[in-house]
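First the structure, in the form of structure tokens, and then the observations on it.
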Amino acid sequence: MTRVWKWNRPVTVREVLEDLQQERSIAYTTVMTVLDNLHQKGWVRREAEGRAYRYEAVSTRAAYAAALMNDAWSQSDNPAAALVAFFGMMSEEQRLALRDAVRIVQGPETPEAHEPRQQEAAQEENPGSAEDADGR
């Protein structure tokens with residue numbers, strides 16, 4: 001699957017074979033069997049091209065990873081604890097990516113949503129400014 005996802009286009013057994021053979025010795029029939037098994041499991045679709053097939057991923061690698069995470073999370077008897085444990089394993093870079101993903105899923109915020117945070121930030125910088133603005 002890694003090779004199919006890497007190219008992000010329909011691939012032949014021969015293309016995958018030649019790519020894999022740069023790293024190790026592998027037989028054409030092995031690659032053909034693996035791609036056929038992936039097709040039978042519904043991970044790739046294939047289209048005939050002459051006497052061969054072109055294989056294409058049914059979903060993206062990201063969608064596959066998300067489905068795995070969702071499946072693992074749904075198996076937990078305490079989903080909140082599982083998330084806390086999972087987040088605890090994340091690197092700082094992964095936590096930043098998570099924050100970005102949550103922002104994307106939540107959608108754009110309205111200007112009103114920023115006002116309380118901006119007021120809080122201003123109060124932290126100038127503790128007396130909120131009282132002065134109210135005229136007290």
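Residue indices begin at 1 and follow the sequence shown. Model, not experiment: these values are computed from the prediction.
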From [X] atom [atom1] to [Y] atom [atom2], the distance as rounded to the nearest 0.5 Å:
X: R99; Y: R103; atom1: CZ; atom2: CZ; result: 7.5 Å
X: N8; Y: K6; atom1: CG; atom2: NZ; result: 12.5 Å
X: M32; Y: Y55; atom1: CE; atom2: OH; result: 7.5 Å
X: L35; Y: T30; atom1: CG; atom2: OG1; result: 11.0 Å
X: L20; Y: R3; atom1: CG; atom2: CZ; result: 4.5 Å

Heavy-atom pair of closest approach, residues S59 and W5
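Scanning both residues, the minimum pair turns out to be O-NE1, 2.9 Å.
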Criterion salt bridge (Lys or Arg N to Asp or Glu O under 4.0 Å) on R14 and E49, from CA distance to verdict:
CA-CA 13 Å; R14 175 82 44 212; E49 184 176 279; over 6 Å; no
Stepwise, does the side chain to side chain contact (heavy atoms under 4.5 Å, CB included) test hold for V13 with Y53?
CA-CA 8 Å; V13 171; Y53 288 106; over 6 Å; no
Check whether [X] and [Y] end up in the same hydrophobic cluster, where Ile, Leu, Val, Met, Phe, Trp and Tyr are linked by side-chain heavy atoms less than 4.5 Å apart.
X: L38; Y: V58; value: no
X: V84; Y: M89; value: no
X: F87; Y: L96; value: no

Step by step, work out the side chain to side chain contact (heavy atoms under 4.5 Å, CB included) result for R61 and M1.
CA-CA 9 Å; R61 184 178 215 145; M1 279 307 300; over 6 Å; no
Show me the donor-acceptor pairs within less than 3.5 Å that the side chains of residues 39-46 make with the rest of the protein, sequence neighbours left out.
{"residue": "Q40", "atom": "NE2", "partner": "D36", "partner atom": "OD2", "Å": "2.7"}
{"residue": "R46", "atom": "NH1", "partner": "D36", "partner atom": "OD1", "Å": "2.8"}

Between E56 and V4, does the side chain to side chain contact (heavy atoms under 4.5 Å, CB included) criterion hold? Intermediate values first, please.
CA-CA 7 Å; E56 182 176 19; V4 177; 5.6 Å; no
Taking W73 for its side chain and L83 for its backbone only, find out whether a donor-acceptor pair lies under 3.5 Å.
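Absent.
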Does atom CD of E93 have more than 12 heavy-atom neighbours from other groups under 6.0 Å away?
no
Greater than 12 external heavy atoms within 6.0 Å of Q75's CD:
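Yes - once you tally the heavy atoms of other residues, nucleotides and ligands closer than 6.0 Å, there are more than 12.
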Of V31, I26, V16, which is the lone residue that meets side-chain contact (heavy atoms from CB on, under 4.5 Å) with Q21?
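That would be I26.
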